[in-house]
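On a predicted model such as this, the values are computed, not experimentally measured, just so you know. Letters A, B, ... are given to chains in the order of the sequence lines, protein chains preceding strands, and every chain is numbered from 1.
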Amino acid sequence: MNTVFQGVSETLHRFFNAALTPLGTSAVCLPDGTSLFVQPSSPADIATLPQAASLCHRYLKLADGDVAVANDPYSGGTTLSDFTLVLGVKLKGGAAPEVDLLLARRISLAPRLPLTGKLDDEGVRVPPTPLGNIESLNRDLLLAIASHPTAPRGLFESVTRAIEQLAAAAELLRRVGRDPGSILSSTNFTRYLDDSSAAFDALMSHLPLGTSIATRQLSSGETLKLQLKITESRVHFDFAGSESSGKIGLTELATFGACWAATVAASGESVPLNAGSFQHLLVSAPLKTILSSTPPTGTYRGMTEGIAAVARLSFDAIAMHKANIRAAQSAETNGCFQFVFDDGRIVSLQVPPGAGANLRHAGIDANSTWVPLDDFAMSPETLERDFPLTMLSAGVRANSGGQGKFRGGHGSVVSFQLLAAGELRWQDAMLGRKHDGLESGRAGIPGAIEIVRASSPNRREEITTASGSIRLSLGDQVYLLSAGGGGSGEPKSQDEPTG
Amino acid sequence: MSCELGLAIGESFAEIVGFSGSSPEPVIKSRWYLPRKNLTEGLKEALRALPDGSPVRLRVATDSVERILEKRQGRSPAVLTTSGFESWLKLRERRELPTEDDFIFGVSCRMGADGSETRAVDSEELGFLSAKFEMLKIKDLAVTLFHSSVNPNHERALAEFFRAKGLRVVESHLLPGESEADRFTAALQCAFAESAILEEKEQIESAVKSVSGLQCTLEIWTPQGPTSWDKYSARYVRGGLKAALTNSFAGREALHCGLDVISPYTPISPALSWPLKPTFLIKHGAWSFPHISDEHAGYAPGPMAFGKSQQLAALDVLYVRDRLSEIAGFTPLLNEKSRARILETIFTLGKSASHTASKRPPDAKEIAADLERAFVERLAILIAADFQPQSAQQQAKGAITLTGALAPSLVALLKSRRRDLRFELAPLAEYFESAAVAAASAKLDPAEAHA
């Protein structure tokens with residue numbers, strides 16, 4: 001009879017997955033910041049969430065039930081509209097004050113548009129800040145942060161709701177931790193990390209050995225340069241030679257996340273996201289380049305457009321030695337659009353683009369590859385109830401994916417008619433850009449904003465600049481159209497568009 | 001004296017139990033494997049065993065809607081939705097809907113957020129759609145319009161029009177949901193399952209009619225409780241089986257260990273959504289050890305222990321660990337010859353999953369023991385997450401009741417894993433599996449029993 005429970009890592013992994021699923025973007029870490037389980041929404045979250053948890057605990061010495069909040073991108077955050085909440089969890093009773101686990105959760109709120117590239121213009125910056133114990137939350141402090149003029153709307157309500165959900169997840173961990181034979185033990189955590197490392201080792205066999213060099217230009221003109229070296233046990237991403245930017249900034253940990261996501265995607269395997277598997281990746285991101293920027297560089301564009309560019313560059317560098325994983329181009333990130341009514345109400349909308357096809361499959365409709373939306377979350381009923389507008393359409397933008405043997409994913413469309421005047425603001429570096437096909441596949445149709453003014457209903461104004469704002473009046477119609485992904489392979493002749 | 005009967009229809013097994021008067025002993029009890037004996041035949045046999053002349057009330061609980069959706073065994077309905085939003089639900093849900101993209105049609109009528117009509121129903125448009133449905137041989141229809149929960153008049157008008165054309169129609173405003181996405185999805189799912197559910201209803205009616213002299217009142221379980229037979233439709237019966245099972249254990253700590261699914265009954269559960277099915281497949285993935293996946297084999301052709309399948313399921317592990325004897329209606333299906341093949345498959349999986357060459361690869365029996373432990377560990381986590389006696393005193397008083405066909409087999413394993421808690425079998429499990437209780441206890445490894 002075996003004395004060691006071999007399946008403990010898998011059981012732990014699935015338990016963490018089940019416990020954290022209701023939280024969305026979240027992580028479980030040891031008090032020293034070692035990540036046990038990370039559930040990201042974007043590659044930017046992968047390494048930054050554990051870092052945020054670690055820094056909060058290091059500075060604030062969280063006890064059981066203590067909560068901290070932070071959003072500073074240079075202290076483990078991503079953008080100033082993403083707030084990380086960290087909760088200390090003690091699994092078993094006893095007098096010792098030390099917590100056993102840190103539970104982190106990140107909530108995303110609407111960013112401030114338009115963006116200047118300066119961090120201070122992107123919102124209120126919150127370093128690791130104690131919010132007290134879950135039983136007696138410091139609501140005054142939270143209200144003070146939320147009432148800052150550059151804080152995202154709905155911050156107080158969103159944070160308090162998120163803390164309630166975090167508390168429920170923590171209680172679940174405690175309940176399972178109190179089981180006398182619980183799998184939540186330090187021995188099992190060590191084994192889980194070791195097994196995760198072994199799982200990544202096994203994944204390495206699906207990657208091509210060798211060195212490759214790749215470059216990519218961002219929409220703002222800066223160049224990213226990557227030298228990739230894959231050995232039997234490690235993947236080394238060296239970004240020496242990449243340029244700096246005053247407008248687009250990533251942190252080194254966000255860059256790490258993009259490299260990790262690209263590596264795993266290229267392998268086609270699935271491995272646990274934690275410190276065990278992270279140790280196989282080495283990322284060199286020279287300080288003050290786009291990939292490891294410093295204040296006061298803003299991070300919104302870096303954590304959206306930048307992160308997608310790094311992930312795609314890394315993926316393409318691996319694909320140089322593994323041709324069968326190549327994919328056609330796609331817009332990679334969701335455009336961000338806001339409509340600010342004259343009474344101050346703000347509607348935020350995201351319009352996901354279509355994914356590029358690869359050599360075996362069509363691209364997915366309305367699905368950005370690297371920075372996915374949780375879902376096509378907008379509710380037409382809620383929008384019409386809460387704002388002076390009538391929704392005209394929401395769904396797939398027909399025929400926008402590039403033709404090919406495998407079609408590019410179609411983009412999406414959201415359109416509405418205004419019942420009150422206001423200003424449309426947007427940030428979408430991919431507007432007006434074509435996304436090429438692969439191996440004779442055709443390009444997808446570019447993204448655009450189209451306006452039909454009530455004063456001239458037969459004319460459509462098309463906007464394709466990357467960011468900006470425009471005044472609109474009652475009765476005007478707005479069409480937000482995201483780009484289609486490129487197709488792959490020569491299309492059959494009847495697939496070609498006739499118009 | 002009148003008889004009270006309960007019929008539970010699961011994925012591959014149906015169970016019926018009946019009591020007469022105040023006697024605690026059942027007058028009939030039967031469990032049968034549906035791929036071998038269909039619902040009508042099994043029910044007929046059970047009903048014929050009833051004492052002659054007694055009036056009978058038969059309450060039926062089914063989870064067929066859930067199964068039809070999971071296995072996509074229904075019939076694609078047409079969907080009418082607000083024009084401009086034909087693909088919205090699919091993007092919102094990020095999964096395949098239970099219908100074809102080409103079966104979703106936009107209609108121009110529109111309600112405002114305050115329930116005022118902004119565009120009326122266009123009868124010409126409905127006529128065109130009706131002709132289209134006829135051409136596509138559509139039988140079921142889901143009507144899903146924005147703001148129908150505020151003003152359902154358009155949905156009602158459309159439903160009335162198409163019912164008159166002979167279609168079965170589900171209106172989204174009649175279904176619960178916090179958002180339009182919830183309502184629309186529910187309507188679509190009900191329309192998808194409707195034809196199969198009505199077929200199931202007919203099978204039960206046919207069995208009842210075939211037993212001469214039987215005075216039978218039929219009722220169906222819904223999430224709100226038992227109700228009249230005419231409500232036997234996907235809209236009402238969904239969630240009925242769970243409601244029927246939970247009803248017996250309201251306010252008590254109970255864990256259902258059925259052949260199809262294992263889940264706690266607690267009404268207020270913390271946020272742990274972690275289903276466990278005995279037919280979950282054993283696979284190898286990223287880990288250096290085979291694991292219990294979330295993909296399940298079902299019972300047709302069933303686990304390897306039934307002798308036909310090539311896919312190893314958690315039940316096979318319990319079988320080679322001798323935990324499955326004497327389960328009424330189930331044990332006779334087990335094929336003794338499959339035992340060697342199961343062990344061989346376990347060994348192969350163990351070998352292919354092992355990443356580290358230096359480790360001694362465990363033998364099949366060791367792997368089986370660990371897989372069983374992984375299964376029990378998941379049960380232990382469910383129990384730890386859901387059952388929390390507030391004090392030692394309460395703990396001493398209360399016990400966790402186990403129900404379902406696998407309860408006798410699992411209770412012994414759980415007792416050895418959670419010696420701080422008390423477990424007991426529900427009376428019904430004892431009626432069915434009295435022999436299994438003894439068998440399962442006797443077969444527990446001495447090491448485990450004293451662990």
Side-chain angles (χ1 to χ4, degrees), chain A residues 1-2 4-11 13-15 17-19 21-23 165 168-169 171-172 175-183 195-196 198-203 269-272 352 365-367 375-382 384-386 390-396 398 412 415, chain B residues 82-94 101 110 112-114 118 146-147 149-150 179-181 270-274 285-292 294 350 355-356 362 365-367 369-371 373-375 377-378 380-381 383-388 417-420 445 447-448:
Chain A
M1 179 84 190
N2 251 2
V4 182
F5 174 26
Q6 302 270 4
V8 68
S9 297
E10 193 273 337
T11 307
H13 183 74
R14 282 174 183 270
F15 168 65
N17 187 44
T21 294
L23 296 182
Q165 291 162 337
E171 179 53 21
L172 185 60
R175 284 178 167 212
V176 173
R178 283 197 291 260
D179 166 4
S182 174
I183 56 165
D195 279 353
S196 301
F200 200 95
D201 251 337
L203 169 149
E269 297 294 302
S270 125
V271 284
D365 296 339
N367 182 68
D375 49 33
F376 198 62
M378 153 268 301
S379 154
E381 284 191 352
T382 307
E384 290 190 351
R385 194 184 58 222
D386 295 349
T390 300
M391 293 299 294
L392 300 174
S393 68
V396 169
S412 54
S415 64
Chain B
T82 304
S83 180
F85 298 86
E86 290 84 347
S87 55
W88 172 76
L89 188 62
K90 189 174 175 183
L91 292 188
R92 174 73 170 72
E93 296 296 295
R94 288 280 171 211
D101 291 353
R110 191 78 152 86
D114 60 355
T118 56
F146 286 126
H147 305 301
S149 56
V150 183
S179 67
E180 69 271 51
L272 182 65
S273 173
W274 202 19
W287 305 102
S288 58
F289 200 77
H291 68 271
I292 302 166
D294 287 338
H355 301 317
T356 18
K365 285 188 176 168
E366 285 173 327
I367 299 173
D370 253 357
L371 284 168
R373 187 164 167 195
F375 190 80
E377 199 57 49
R378 281 180 66 161
I381 290 172
I383 288 167
D386 280 276
F387 306 125
Q388 290 292 306
R417 170 63 181 76
R418 287 295 305 255
R419 288 193 301 145
D420 57 322
D445 292 350
E448 286 165 307

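- Among A:Gly177, A:Pro380, A:Ser182, the residue making the largest number of heavy-atom pairs under 4.5 Å with chain B is A:Pro380.
- Contacts between A:Ile183 and chain B at a heavy-atom distance below 4.5 Å involve backbone atoms as well as side-chain atoms.
- For A:Glu269, no part sits under 4.5 Å from any heavy atom of chain B, backbone or side chain.
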### Message
Set out, in order, the CA-CA distance, both residues' side-chain angles and the distance that settles salt bridge (Lys or Arg N to Asp or Glu O under 4.0 Å) for A:Arg178 and A:Glu171, then state yes or no.
### Response
CA-CA 10 Å; A:Arg178 283 197 291 260; A:Glu171 179 53 21; 3.5 Å; yes
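- For the side-chain contact (heavy atoms from CB on, under 4.5 Å) test, residues two or more places apart in sequence or in another chain that qualify with B:Ala113 are A:Glu384, A:Arg385, B:His147.
- For A:Asp195 (side chain) and A:Ser9 (main-chain N/O), no donor-acceptor pair under 3.5 Å exists by modelled atom type.
- Of the atoms belonging to A:Asp201, not a single heavy atom falls under 4.5 Å from chain B.
- Two residues are said to be in side-chain contact when any heavy atoms from C-beta on lie closer than 4.5 Å; B:Ile381 and A:Thr11 meet this criterion.
- Residue B:Asp114 does not touch chain A at all, counting heavy-atom pairs closer than 4.5 Å.
- For A:Thr21, no part lies near chain B; criterion is any non-hydrogen pair under 4.5 Å.
- For A:Asp386, the side-chain contact (heavy atoms from CB on, under 4.5 Å) partners two or more places apart in sequence, or in a different chain, are A:Thr382.
- Looking at B:Ala181, neither its backbone nor its side chain comes within 4.5 Å of chain A, counting heavy atoms on both sides.
- Contact tally against chain A (heavy-atom pairs below 4.5 Å) for B:His291, B:Arg110, B:Glu180, B:Glu86: the top residue is B:Glu180.
- Contact annotation for A:Ser196: both backbone and side-chain heavy atoms come within less than 4.5 Å of a heavy atom of chain B.
- For chain A, no part of B:Leu371 is nearby; none of its heavy atoms comes within less than 4.5 Å.
- Cation-pi contact between B:Arg378 and B:Trp274: present, with separation from the ring centre below 6.0 Å and deviation from the ring axis of at most 45°.
- Within the 3.5 Å criterion, the main-chain N or O of A:Asp179 finds no donor-acceptor partner in the side chain of B:Arg418.
- For B:Ser83, the part lying under 4.5 angstrom from a heavy atom of chain A is the backbone only.
- Side-chain contact check for B:Asp101 versus B:Ser87: every heavy-atom pair is 4.5 Å or farther apart.
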